[in-house]
**Student:** 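This is the structure I want to talk about, given as structure tokens.
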There are 2 protein chains.
Amino acid sequence: MTENKRPLIFVSNDDGITAKGISHLVNLMQQLGDVLVVAPNSPQSGMGHAITINDPLRYYKSNIWGEEVEAYECSGTPADCVKLAKNYLNEGRVPDLVVSGINHGSNASVSVLYSGTMSAAIEASIEGLPSIGFSLCDYSHDADFSHTDDFILEICRNVLEKGLPEGITLNVNFPPKSEEEIKGIKYCRQSVAKWQEAFDQRQDPYNREYLWLTGKFVCEDKGEGTDIHAIDNNYVSVVPVTYDMTAYKALKEIEENWSSKG
Amino acid sequence: MTENKRPLIFVSNDDGITAKGISHLVNLMQQLGDVLVVAPNSPQSGMGHAITINDPLRYYKSNIWGEEVEAYECSGTPADCVKLAKNYLNEGRVPDLVVSGINHGSNASVSVLYSGTMSAAIEASIEGLPSIGFSLCDYSHDADFSHTDDFILEICRNVLEKGLPEGITLNVNFPPKSEEEIKGIKYCRQSVAKWQEAFDQRQDPYNREYLWLTGKFVCEDKGEGTDIHAIDNNYVSVVPVTYDMTAYKALKEIEENWSSKG
């Protein structure tokens, strides 16, 4: 394989460029190709598919990973980072693979919608680039990512070799590190679940009320075949995700029930 | 119909509580029920499905629509507003309908992913509430919304009377006001399209570079049955939207191609 044939792998995340998870991913990706990083300069968890249209964007060269990895920190969201990497900072090379993460915390089930990690991956799929979002179900700053390596390399090699169906990205979630070895990979559907929110009411030093959004994850859809079921049973969950949000079954139903006759 | 039987309609948007579009929607909803507004206190276009987890939330009572409409402005995102309305400011009443908009600008096609308007509607559908996002394909601050009235009332009455399939919200887009009368409603799928981005490079007064994200909407999927086709032909487009982003067809393909045998 000549040097020019090494794939270009673009890496982003939503926890910010200094997070442990992105460093872990960058180190792994160096085994597979040339690495370009564009990542937020501040935590962007929960940013969903936000893009920056009311403010200017700034970016700065970063030397976190030394000379071998071209890296930039950016003032914007994860989706902004992908747009920058695809259209501005790539020096004309089209990435062969876009990976996002490794997120500190689960992005299984409906979290796919709130996740900045997944918005980077979904943005790439809209741009026609094969992409994967990786998340570890452990929110701690210093989480242990070591048990994810072989699976990440296997999944990335599969995508580099076989590609992905058009418009599809993968939402990959790992169980937290434990005594027990991970049992393997399960290809899954997104569980039906939600965050049951509560608001924690407080007073600031000036006696003004403010709220913190809190919540617990509630999943009643634990049948086999769901991502939550896989993770709970110590498997890696892989959900293929589409950005086509049309509810085709409901489309037929509503059309039949609502259309004026004639 | 007794007073207590009037449906409770919750209204939000992403252009902020002072936008013309939400006022138009609030006035229409007063014909159908009791109205509760929780809307951002600043424009939140392009916020996607962002939620506020790293900052406190604040909200203030607003009298924009007088005594008859209970209204609050909130420092958070559209999705935050729905969570507040559902779990904190509703005084125990569950909304019968959640409407978001009317957005100043199109949310057809992939814009559903970037749209704060639609994130409010999608958030409501995750919460199990019937919901609709309304958008006008006219970005101007002072857009003319008058041609949308009859359609909005018809669609809302349909949802109040017949409900929506579980987990489904509607993405409704109106062509801009023109000489020609709107031809009717089309039930559609989301067009495959994307924003082709460019970055406008500038220098600030301190000689530091910054960028503005710009882009043009590119749609090569204009077949009949898509939202873009409907709007281009002066119909109202109605796309049923699901928050289940699983790509079921790809799930089968990937499972068959990638799984280790045995």
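Order of the sequence lines sets the chain letters (A, B, ...), proteins ahead of strands, with each chain counted from 1. Worth knowing before you read on, the calculation uses all heavy atoms, side chains too, and leaves out hydrogens, waters and symmetry mates.
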**Student:** Checking A/Lys186 against chain B: side chain, backbone, both or neither under 4.5 Å from a heavy atom?
**Tutor:**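 Interface part for A/Lys186: neither.
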**Student:** Relative to chain B, which segment of A/Leu170 carries a heavy atom at a distance below 4.5 Å: side chain, backbone, both, or neither?
**Tutor:**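 Just the side chain, heavy atoms under 4.5 Å.
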**Student:** Would you say CD of B/Glu224 has more than 12 non-hydrogen atoms from neighbouring residues, nucleotides or ligands within 6.0 angstrom?
**Tutor:** no
**Student:** Side chain, backbone, both or neither: which part of A/Glu127 has a heavy atom under 4.5 Å from chain B?
**Tutor:**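 Both backbone and side chain of A/Glu127 come within 4.5 Å of chain B.
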**Student:** Measure B/Asp200 against the heavy atoms of chain A and call it side chain, backbone, both or neither at under 4.5 Å.
**Tutor:**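 Answer is neither: B/Asp200 stays 4.5 Å or more from chain A.
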**Student:** For A/Glu253, which atoms come within 4.5 Å of any heavy atom of chain B: side chain, backbone, both, or neither?
**Tutor:** side chain
**Student:** Counting heavy-atom pairs under 4.5 Å to chain A, which of B/Lys83, B/Lys194, B/Glu209, B/Lys162 comes out on top?
**Tutor:**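 Ranked by contacts with chain A, first place is B/Lys83.
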**Student:** List the atom of A/Pro40, the atom of A/Gly76, and the distance in Å for their closest heavy-atom pair.
**Tutor:** CB-O, 3.7 Å
**Student:** Which bit of A/Val241 comes within less than 4.5 Å of chain B, counting heavy atoms only: side chain, backbone, both or neither?
**Tutor:**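 For A/Val241, heavy atoms of backbone and side chain both lie under 4.5 Å from chain B.
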**Student:** Can you tell which of B/Tyr210, B/Tyr59, B/Tyr88 has the highest number of heavy-atom pairs within less than 4.5 Å of chain A?
**Tutor:**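 Sorted descending by pairs with chain A, the first entry is B/Tyr88.
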**Student:** Quick check on A/Glu166: does its CD atom have over 12 non-hydrogen neighbours (other residues, nucleotides or ligands) under 6.0 Å away?
**Tutor:** no
**Student:** Using heavy-atom distances under 4.5 Å, tell me whether A/Ala198 contacts chain B through its side chain, its backbone, both, or neither.
**Tutor:**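 Contact with chain B involves no heavy atom of A/Ala198 at all.
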**Student:** Taking atom NZ of B/Lys61 as the centre, does the number of heavy atoms from other residues, nucleotides or ligands within less than 6.0 Å exceed 12?
**Tutor:**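 Result for NZ/B/Lys61: enclosed.
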**Student:** Could you tell me whether A/Glu220 atom CD has more than 12 heavy atoms of other residues or ligands within 6.0 Å of it?
**Tutor:**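 Check fails, neighbour count at 12 or below.
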**Student:** For A/Asp150, enumerate each residue passing the salt bridge (Lys or Arg N to Asp or Glu O under 4.0 Å) test, keeping only those at least two apart in sequence or located in another chain.
**Tutor:**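 So A/Asp150 forms no salt bridge (Lys or Arg N to Asp or Glu O under 4.0 Å) with any residue.
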**Student:** I'd like to know if the side chain of B/Thr246 reaches the main chain of B/Tyr248, judged simply by a donor and an acceptor atom lying under 3.5 Å from each other, with no hydrogens or angles considered.
**Tutor:** no
**Student:** Which heavy-atom pair separates B/Asp14 from B/Gly116 by the least distance, and what is that distance?
**Tutor:**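 Of all heavy-atom pairs spanning B/Asp14 and B/Gly116, the closest is OD2-N, 3.3 Å.
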**Student:** Among B/Ser109, B/Pro165, B/Ala79, B/Ser75, who wins on heavy-atom pairs under 4.5 Å with chain A?
**Tutor:** B/Pro165
**Student:** Using non-hydrogen atoms only, which part of A/Leu251 is less than 4.5 Å away from chain B: side chain, backbone, both, or neither?
**Tutor:**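 Both the backbone and the side chain of A/Leu251 come within 4.5 Å of chain B.
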**Student:** If you measure only the distance, is there a donor-acceptor pair under 3.5 Å linking the side chains of B/Thr52 and B/Asp55?
**Tutor:** no
**Student:** Taking the side chain from B/Thr226 and the backbone from B/Ser191, do they hold a donor-acceptor pair closer than 3.5 Å?
**Tutor:**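 Absent.
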**Student:** Taking every non-hydrogen pair under 4.5 Å, which of B/Gln201, B/Lys86, B/Lys252 racks up the most with chain A?
**Tutor:** B/Gln201
**Student:** Against chain B, label A/Lys249 side chain, backbone, both or neither, depending on which of its atoms sit under 4.5 Å from a heavy atom there.
**Tutor:** neither
**Student:** Under 4.5 Å, counting heavy-atom pairs only, tell me which of B/Leu211, B/Val239, B/Asn87 racks up the most with chain A.
**Tutor:** B/Leu211
**Student:** Against chain B, work out which of A/Gly167, A/Gly215, A/Ser119, A/Cys188 has the most heavy-atom pairs shorter than 4.5 Å and name it.
**Tutor:** A/Cys188
**Student:** Is there side-chain contact between B/Tyr243 and A/Val110, with heavy atoms separated by less than 4.5 Å?
**Tutor:** yes
**Student:** Heavy-atom distance under 4.5 Å to chain A: side chain of B/Ile122, backbone, both or neither?
**Tutor:** side chain
**Student:** What residue, out of B/Ile185, B/Leu213, B/Asn158, B/Ile168, has the most heavy-atom pairs lying under 4.5 Å from chain A?
**Tutor:**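 The residue among B/Ile185, B/Leu213, B/Asn158, B/Ile168 with the greatest pair count is B/Asn158.
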**Student:** In terms of heavy-atom proximity below 4.5 Å to chain B, should A/Val82 be classed as side chain, backbone, both, or neither?
**Tutor:**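 For A/Val82, neither part sits under 4.5 Å from chain B.
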**Student:** Let me know if A/Asn171 has heavy atoms under 4.5 Å from chain B in its side chain, its backbone, both or neither.
**Tutor:**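 No part of it gets close to chain B.
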**Student:** Counting distance only, does the side-chain N/O of B/Asp204 pair as donor-acceptor with the main-chain N or O of B/Arg208 below 3.5 Å?
**Tutor:**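 Between the backbone of B/Arg208 and the side chain of B/Asp204 there is a qualifying donor-acceptor contact (under 3.5 Å).
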